[in-house]
Colleague: 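Structure in structure tokens, see below.
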Amino acid sequence: MFKIQRRSAARLAAAGLATGLLAAGAISGAGAAFADGGATAVLGGLQADKSDGVVIHEGGKDKAVNAGLFTMDVGGGTIQTYCIDIHNPTQKHAKYQEVPWDSSSLHNNPDAGKINWILQHSYPQVADLAALAKASGSGPLTEKTAAAGTQVAIWRFSDKASVDANDPAAEKLAEYLGKTATDTPEPKATLTLDPPAVSGKSGDKLGPVTVHTTSATPVQIQPALDVPAGVKIVNKSGKAVTTASNGDQLFFSIPAGAADGTTSVTATAVTQVPVGRAFTGVDSKSQVQILAGSSATTATATATGTWAKKGPIPAVSATVDCAKNGVDVTASNKGDEAFTFELAGKKFSIEAGKSKTITVPVKEDQKYEITISGPNGFTKTFKGVLDCKTTGTPTPAPSTSTTQPSPASAGSTTGTTGGDLAQTGGSSATPMIAGIAVALVAVGGGAVFFLRRKKSAGTPAGQ
């Protein structure tokens, strides 16, 4: 079945979905679907006040907003971000997840690389404000005017916004950054396990699952607490492992004759998130952010392994595909019989040793619930909200008003953000964003699906 539900103010992260891997006839599962791995964060406050204002020129009107750095709390530290989603509001204490550009509003932006250049060559990465002022010819800069100018330059590329900084030095900095920026590659993910779902027969090594990380220190490898007896996480030589490094391969070692089952492994790394990584909201509608600076944080990623003695042995995963305005659901079958399942009211079958990806269309800002149902009680559900555009579908204002941010000095984690877009980087004069209730059209079972066969079973779509 495939259900798309109406939404009001909240939306779940669909930028990269958590994957599930279930043994046919053994386990069923459902729940929110989050990113495959990386850092998570909670929005703190906007480090700006009225003195850091900018003006957005839109529809023949001028709209005053504040511009600057946001702070976000992460596991064991703090990160600083800029907004790349000017027309959407922020929500105080909103939860965020690190995602690849392809799963965010940057997916089709030809200037995404220029935004990354700006982040690398302006405040706070360039902490020497005198040097930054000299390079840009802006005149004296403070931390807040430097942040305001940097945000303006980013908005001109992220949202194609017509926006000017009130402070002359901030405006000159923005002009300099816009003219000087060159294309810079997307930074690598903090931590992922690829693919996030594998399967095979009892007695085999299931995998490989490759560790991808920017961490310079060993990644901790931890099997699930309820891992079945005899099941181990090993390297390609078959030796049990507790740590790994970038590029290492992991396998689920399954004893011969083991009862059909499934388990998982979690990788944990303490590292800094690379500047330029995107963050999207997990459980509320909130502006997409891009990382400008960070302290050490804890990132995690999980992969699952499923095995059986015979019959179909499926591995199922999903990820947002912004280029196709939908969610890629990938199912592979390492068994010796066809895996037949139902999705969106239609039946599909995957032959033994094959893989198939089905793209489920989802409307922007649409809350979805995608369930795959198979034989012997097999079921897996993915939930989220598509967040791929800078100007999303208007939604009603929250039932309880959120507070405006308190002015905060650079590095502070105090303050809150709320529905007043003039205080959060959105447009305070755009009532269609914060005040118009729009009924979202459900995407029914008759939606068109785009199918493509994968070259190898278990390869995650959209990665």
Side-chain angles (χ1 to χ4, degrees), residues 11 13-18 33-41 70 72 74 79-88 96-122 125 150-151 153-161 177 181-194 196 212-214 272-282 286-294 299 301 317-328 359 362 364-365 384-392 425 459-463:
R11 64 179 168 184
L17 299 173
F34 302 112
D36 291 337
T40 57
F70 286 88
M72 302 181 78
V74 293
I79 62 175
Q80 295 173 303
T81 60
Y82 287 110
C83 166
I84 52 173
D85 193 7
I86 194 172
H87 292 294
N88 279 320
Y96 280 77
Q97 172 73 52
E98 176 189 352
V99 298
W101 288 359
D102 282 348
S103 294
S104 76
S105 58
L106 295 177
H107 75 278
N108 63 348
N109 189 331
D111 294 321
K114 292 183 178 180
I115 295 173
N116 194 20
W117 185 95
I118 291 172
L119 294 167
Q120 306 291 340
H121 293 83
S122 192
Q125 288 302 300
T150 304
Q151 178 66 91
I154 290 172
W155 275 335
R156 289 172 179 171
F157 286 129
S158 65
D159 296 77
K160 305 300 183 289
L177 294 173
T182 58
D183 191 54
T184 303
E186 177 181 4
K188 295 180 180 180
T190 306
L191 177 65
T192 60
L193 295 179
D194 180 29
H212 297 287
T213 183
T214 58
Q272 287 190 334
V273 183
V275 170
R277 292 293 290 173
F279 281 76
T280 58
V282 170
S286 198
Q287 290 174 345
V288 180
Q289 303 283 313
I290 193 163
L291 189 70
S294 68
S317 62
T319 188
V320 163
D321 190 336
C322 284
K324 292 187 287 187
N325 297 314
V327 177
D328 285 341
T359 300
V362 180
E364 180 70 13
D365 286 337
V385 175
L386 201 70
D387 188 3
C388 293
K389 298 179 181 179
T390 56
T391 51
T459 302
Q463 298 297 314

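Numbers here simply count residues along the sequence, with the first being 1.
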Colleague: Taking only residues two or more places apart in sequence or in another chain, which ones pass side-chain hydrogen bond (donor to acceptor under 3.5 Å, both in side chains) with Thr190?
Modeller: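 Scan of Thr190 (side-chain hydrogen bond (donor to acceptor under 3.5 Å, both in side chains), adjacent residues dropped) gives Glu98.
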
Colleague: How many angstroms lie between CG in Leu177 and CD1 in Ile154, if you round to the nearest 0.5 Å?
Modeller: 8.5 Å

Colleague: Passes side chain to side chain contact (heavy atoms under 4.5 Å, CB included), Phe279 versus Ile79? Steps please.
Modeller: CA-CA 11 Å; Phe279 281 76; Ile79 62 175; 3.9 Å; yes

Colleague: What residues form a side-chain hydrogen bond (donor to acceptor under 3.5 Å, both in side chains) with Tyr82, not counting sequence neighbours?
Modeller: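 side-chain hydrogen bond (donor to acceptor under 3.5 Å, both in side chains) check on Tyr82 returns nothing, list empty.
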
Colleague: Between the side chain of Gln287 and the main-chain N/O of Asn88, is any donor-acceptor distance below 3.5 Å?
Modeller: yes

Colleague: Might you work through the side chain to side chain contact (heavy atoms under 4.5 Å, CB included) test for Tyr96 and Met72, ending with a clear yes or no?
Modeller: CA-CA 9 Å; Tyr96 280 77; Met72 302 181 78; 3.2 Å; yes

Colleague: Report the residues that fulfil side-chain hydrogen bond (donor to acceptor under 3.5 Å, both in side chains) with Thr213, sequence neighbours left out, ordered by chain and then residue number.
Modeller: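 Applying side-chain hydrogen bond (donor to acceptor under 3.5 Å, both in side chains) to Thr213 gives none.
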
Colleague: Quickly, which of Leu191, Val74, Leu291 forms a side chain to side chain contact (heavy atoms under 4.5 Å, CB included) with Val273? Name it, please.
Modeller: Leu291

Colleague: Please report the shortest heavy-atom distance between Pro274 and Thr214, naming the atom on each side.
Modeller: CG-CG2, 3.7 Å

Colleague: What distance do Asp387 atom CG and Gln97 atom CD have between them, rounded to the nearest 0.5 Å?
Modeller: 13.0 Å

Colleague: By salt bridge (Lys or Arg N to Asp or Glu O under 4.0 Å), which residues pair with Lys160, not counting sequence neighbours?
Modeller: Asp111

Colleague: Taking all non-hydrogen atoms of both residues, which atom of Ser317 and which atom of Pro196 are closest, and how far apart?
Modeller: CB-CG, 4.3 Å

Colleague: Keeping the roles fixed (side chain from Thr192, backbone from Asp194), state whether a donor-acceptor pair exists under 3.5 Å.
Modeller: no

Colleague: Trp101 versus Asn108: any side-chain heavy-atom pair under 4.5 Å?
Modeller: no

Colleague: Do Asp85 and Lys389 pass the side chain to side chain contact (heavy atoms under 4.5 Å, CB included) test, and can you show the C-alpha distance, the side-chain angles, and the key distance before you say yes or no?
Modeller: CA-CA 8 Å; Asp85 193 7; Lys389 298 179 181 179; over 6 Å; no

Colleague: Looking at Val275 and Gln125, what are the two nearest heavy atoms and their distance?
Modeller: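 That would be CG2-NE2, 3.4 Å.
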
Colleague: With sequence neighbours left out, write down each residue that passes ring-ring contact (aromatic ring centres under 6.0 Å, His included) with His121, or none if nothing qualifies.
Modeller: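 For His121 the ring-ring contact (aromatic ring centres under 6.0 Å, His included) partners, ignoring immediate neighbours, are Trp117.
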
Colleague: Which distance, rounded to the nearest 0.5 Å, do you find between the CD1 of Ile118 and the CD1 of Ile290?
Modeller: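 Atom-to-atom, Ile118:CD1 and Ile290:CD1 are 9.5 Å apart.
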
Colleague: Quick one: does Pro187's side chain get under 4.5 Å of Asn116's, heavy atoms only?
Modeller: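 Yes, their side chains come closer than 4.5 Å.
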
Colleague: Using the rule side chain to side chain contact (heavy atoms under 4.5 Å, CB included), only one of Thr359, Val362, Thr319, Asp321 pairs with Val327; which is it?
Modeller: Val362

Colleague: Output the distance between atom SG (Cys388) and atom CG (Asp102), rounded to the nearest 0.5 Å.
Modeller: 9.5 Å

Colleague: On a heavy-atom basis, which atom in Thr150 and which in Ser122 lie closest, and how many Å separate them?
Modeller: OG1-OG, 2.7 Å

Colleague: Sequence neighbours left out, what passes side-chain hydrogen bond (donor to acceptor under 3.5 Å, both in side chains) with Thr81? Give chain and number order.
Modeller: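 So Thr81 forms a side-chain hydrogen bond (donor to acceptor under 3.5 Å, both in side chains) with Gln289.
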
Colleague: I need the Asp159 CG to Ile84 CD1 distance, nearest 0.5 Å.
Modeller: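 These two atoms lie 8.0 Å from each other.
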
Colleague: How close do Ala161 and Ile86 get, heavy atom to heavy atom, and via which atoms?
Modeller: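 Here Ala161 and Ile86 meet closest at CB-CD1, 4.4 Å.
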
Colleague: Specify the closest pair of heavy atoms between Ser104 and Thr280, including all atoms of both residues, with the distance to one decimal.
Modeller: CB-CG2, 4.2 Å

Colleague: Under 4.5 Å between any side-chain heavy atoms of Glu186 and Arg277, yes or no?
Modeller: yes

Colleague: Determine whether Thr390 and His87 satisfy the following criterion, side chain to side chain contact (heavy atoms under 4.5 Å, CB included), listing intermediate values before the conclusion.
Modeller: CA-CA 7 Å; Thr390 56; His87 292 294; 5.5 Å; no

Colleague: Kindly say whether Gln272 contributes a backbone atom to a donor-acceptor pair with the side chain of Ser294 at under 3.5 angstrom?
Modeller: no

